[in-house]
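Data first, discussion second: the structure below is written as structure tokens.
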Amino acid sequence: MRPPISIIKGPKREAFSKFPLEGVRVGYNLTMVGLYVHIPFCVKKCHYCNFVVTGAGVRSKEEKFLDFFEREARHYSGRFKNRKFDTLYLGGGTPSALEIADLEKVFSIVRRYFGFKEKIEITCEVNPGDISIAKARCLRLLGVNRVSLGAQTFHDRTLKSLNRAHTVQDIGDSFRVLRKENFGNINLDLILSLPGETLEDVKFSLKKIKELDPEHVSLYELVIEKETVFGRRYDKGKLSLPAEETQFQMLAFARDYLKFLKFHHYELLNYAKRGFESRHNLLYWANEEYLGLGPGAFSYFGGRRFRNSSSFDGYLQKMSQGDWSADEEETLTAEKRQIES
């Protein structure tokens, strides 16, 4: 179980064991602590997704989640009363699927129960098409200083096959909205090895990334999870994936192209312009402690890695009963912590 892979937005990824990670530094000693907030709502569930999500727009579900989220924050506040968080990351799911008033409530809750350092990095994941001028302005006023935009690919046919709720046009429009509202630290997610994808498709998407000129790129390789639409199709032999050699070529080209564009390959999945490395990503990479709130979120502190719930309904049930037992957990010995680091 590797929560840093599970928590980061997108399909669960395997380590790129077949791919040389030139220039990736290890052994960071940052002494940070991070807060991850899992917002479980999505307009549509992607065919590759095995994360804890539920349908957006159902007001009763959203209100119940916000109430229980506050209860969970209150429960853990005592454990972290003498610590100030270095990073706050809103992931999901789709944080940008929430209405402005609900986003304001989430931030009100975390600020009521936790302390934050003055120069905190605050990241919010945004889906293309979700972000209006008003919502972008709201995020800025709430203190968000880094946005991760889930592009995934720049081909409409592929977006449709993934069951994504946006178009290529939405990616560019959303990016420009964020720039208009003075967001100067934007990440774009890109998934490789998608069904039916060719090397030329990847080259095209990377050139579109160049045109938008973000500060950060998270580059993922699709991994098929069993309890997903893609997993079921794969088991039936109905999912056409690129050949392994083609997948390697995609990764190699993407890495070299991003390096050509002066991106620094600073962490397993992530490329950044100098000075824009994600502190939250580095926190995971350095095996530092973090608190995860919301359904399916992992926490790691006191040598214990765990999550309280593995489904949205399970989260609601456990929060209603005040049940703080873990659905999954492991205790890391000093030796295992050293191995992971």
Students often mix this up, so state it plainly: with edges at 30° and 60°, are the rings of Phe312 and Phe65 parallel, tilted or perpendicular? tilted
So ring pair (Phe, Tyr, Trp, His ring centres under 6.0 Å) across residues 163-209, not counting sequence neighbours, yields His155-Phe204
Between Arg59 and Asp102, is there a side-chain heavy-atom distance shorter than 4.5 Å? yes
Sub-4.5 Å side-chain heavy-atom contact between Thr123 and Leu90:
no
task = Kindly say whether the aromatic ring centers of Phe85 and Phe80 come within a distance under 6.0 Å.
result = yes
### Message
Taking the six-membered ring for Trp, are Tyr290 and Tyr284 closer than 6.0 Å centroid to centroid?
### Response
yes
**Asked** Counting only heavy atoms not in Lys64, do more than 12 sit closer than 6.0 Å to its NZ atom?
**Response** no
### Task
Determine whether more than 12 heavy atoms belonging to other residues, nucleotides or ligands lie under 6.0 Å from atom CD of Gln321.
yes
When rounded to the nearest 0.5 Å, the distance separating CD of Glu329 from CG of Asn308 is 9.5 Å
Distance col, row Thr246:OG1 vs Leu192:CG, nearest 0.5 angstrom, shows 12.0 Å
On the six-membered ring of Tyr257, is Lys203 placed so that its NZ or CZ lies under 6.0 angstrom from the centre and within 45° of the ring axis? no
Q) Is the shortest distance from a Lys or Arg side-chain nitrogen in Arg164 or Asp156 to a carboxylate oxygen in the other one below 4.0 Å? A) no
Worksheet item: Just by modelled atom types, is the Gln317 backbone N or O under 3.5 Å from a matching donor or acceptor in the Ser320 side chain?
Response: yes
